[in-house]
Amino acid sequence: MKSVACGSQLQISRQLLTSVLPAGDSWGILAFLCATLWNLPVVPALNSTDQVTARQSIQQTYDLTRYLEHQLHTLAATYLNYLGPPFNEPDFDPPRLIGAEAVPSATVDFQLWRSLNDNARLAANYRAYSHLLCYLRTMDGDTPAAMPTLRHSLAHFRASLQGLLGSIAGIMASLGYPLPPPVPDGTPAPNSHFLRKMDNFWLLKELQTWLWRSAKDFNRLRKRVTPSAVLLHLETRGF
């Protein structure tokens, strides 16, 4: 509607110009045009919106997730070798026990997964990594000081995962979604050393599955957010 009004105004100005000013009066023409343009509605400046920031955050979070997948692949191989048989055997598949049961499973029905909205996907990821970080701290405590390289790898991975959790929180905030309630501190640890190894084994399995699922979630989400070149909104000044 604004463009139609502006076009009509310019058309009227041209008609007035030819009827009022004599031919060859260049200074008069220039002054008339300046006065006409001065009185046109002000076109507000374009500015990037929160969607642009959200898209950048989603891309960075996706990249971080893929990096964590690579990082975990190396860490898991080292840690399972530390646990020894049967945990480092390819066919070992024990049941989830005690602490690992509290970690939300990344395994979900495909149709149910596709039916989730963006808020539900992000909230599920946030809750899962909040739980997983708690158990990673317990795993770190179970690692002997005599293995400094493994402890360093665990600490580095935990810091990266903390960064991923913060990135998810940032995306949710930029999209206007509330954060899920915080996970209570402290995780129940089994008394048996073997059962603690079982929990740590399952923790690594869940981490691998969650990172794979998160990469799918963030890839899907970044495709749903329109590119920044399109998402430039007019400031609300008369529009």
Side-chain angles (χ1 to χ4, degrees), residues 45-79 103-108 110 112-140 149-183 185 203-235:
L46 294 173
N47 71 315
S48 59
T49 61
D50 288 341
Q51 286 96 328
V52 178
T53 303
R55 182 177 176 81
Q56 292 170 347
S57 298
I58 294 165
Q59 181 63 55
Q60 292 168 359
T61 305
Y62 172 78
D63 293 340
L64 177 58
T65 305
R66 298 309 304 267
Y67 168 71
L68 279 164
E69 282 188 285
H70 173 74
Q71 196 177 352
L72 181 62
H73 179 74
T74 303
L75 174 63
T78 304
Y79 194 85
V103 178
S105 177
T107 304
V108 64
F110 180 74
L112 176 61
W113 177 77
R114 287 187 63 87
S115 68
L116 295 176
N117 60 29
D118 296 337
N119 189 5
R121 291 172 188 274
L122 289 168
N125 278 275
Y126 187 88
R127 281 192 298 267
Y129 291 118
S130 296
H131 280 284
L132 289 164
L133 270 170
C134 290
Y135 286 100
L136 268 178
R137 297 186 189 100
T138 304
M139 178 189 288
D140 195 11
T149 303
L150 180 56
R151 289 180 68 95
H152 175 76
S153 297
L154 277 170
H156 180 61
F157 181 82
R158 192 174 69 246
S160 299
L161 198 66
Q162 183 69 59
L164 177 61
L165 187 65
S167 295
I168 297 172
I171 293 173
M172 295 185 73
S174 67
L175 295 176
Y177 300 146
L179 288 179
V183 174
D185 291 333
L203 176 65
L204 294 174
K205 294 270 285 187
E206 281 300 333
L207 272 167
Q208 288 175 332
T209 311
W210 265 110
L211 288 171
W212 175 84
R213 173 178 163 179
S214 295
K216 298 288 185 183
D217 286 342
F218 298 136
N219 187 46
R220 182 182 176 89
L221 183 59
R222 69 176 179 167
K223 292 178 180 179
R224 290 166 62 89
V225 177
T226 309
S228 58
V230 179
L231 285 175
L232 292 175
H233 286 195
L234 292 174
E235 291 179 345

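All figures in this text were calculated on a predicted structure; none of them were measured in a lab. Side-chain atoms are counted along with the backbone in the values below, which use heavy atoms only and exclude waters and symmetry mates.
- Looking at W212 and K216, their side chains come closer than 4.5 Å, going by heavy atoms from C-beta outward.
- A 4.5 Å side-chain heavy-atom check between Q71 and L68 finds at least one atom pair inside the cut-off.
- One distance of note links OG of S174 with CE of M172; it measures 10.0 Å at 0.5 Å rounding.
- Two residues are said to be in side-chain contact when any heavy atoms from C-beta on lie closer than 4.5 Å; L204 and M139 meet this criterion.
- Atom CG of N125 and atom CZ of F218 lie 4.5 Å apart (nearest 0.5 Å).
- The OG atom of S130 sits 9.5 Å away from atom CG of L161, with the distance rounded to the nearest 0.5 Å.
- Without hydrogens or angle criteria, S115 side chain to L112 main chain gives a donor-acceptor distance under 3.5 Å.
- Within the 4.5 Å cutoff, the side chain of T149 has no heavy atoms near those of the T78 side chain.
- A donor-acceptor pair is defined here as one N or O able to donate and one able to accept, closer than 3.5 Å; no such pair exists between the side chain of R222 and the backbone of R55.
- Looking only at side-chain heavy atoms (C-beta outward), L221 and T61 stay at 4.5 Å or farther from each other.
- To the nearest 0.5 Å, atom CZ of residue R220 and atom OH of residue Y62 are 14.5 Å apart.
- Interatomic distance, OG1 of T209 versus NZ of K205, reported as 7.0 Å (0.5 Å rounding).
- Interatomic distance, Q162 CD to F157 CZ, rounded to the nearest 0.5 Å: 12.0 Å.
- Considering all non-hydrogen atoms of both residues, S160 and L64 come closest at O-CD2, 4.1 Å.
- The shortest non-hydrogen separation linking S214 to T65 is CB-CG2, 3.9 Å.
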L132 vs L136, test: side-chain contact (heavy atoms from CB on, under 4.5 Å). Steps then yes/no. CA-CA 6 Å; L132 289 164; L136 268 178; 5.6 Å; no

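- When all heavy atoms of R121 and L116 are compared, the closest pair comes out as NE-O, 3.3 Å.
- Two residues are said to be in side-chain contact when any heavy atoms from C-beta on lie closer than 4.5 Å; L75 and L150 meet this criterion.
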Should L211 and L164 be marked as a side-chain contact (heavy atoms from CB on, under 4.5 Å) after you check the CA-CA gap, both sets of side-chain angles, and the distance that decides it? CA-CA 10 Å; L211 288 171; L164 177 61; 4.0 Å; yes

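- Nearest approach of W210 to A124, heavy atoms of both residues: CH2-O, 3.7 Å.
- Side-chain contact between W113 and D217 is present, with at least one heavy-atom pair separated by less than 4.5 Å.
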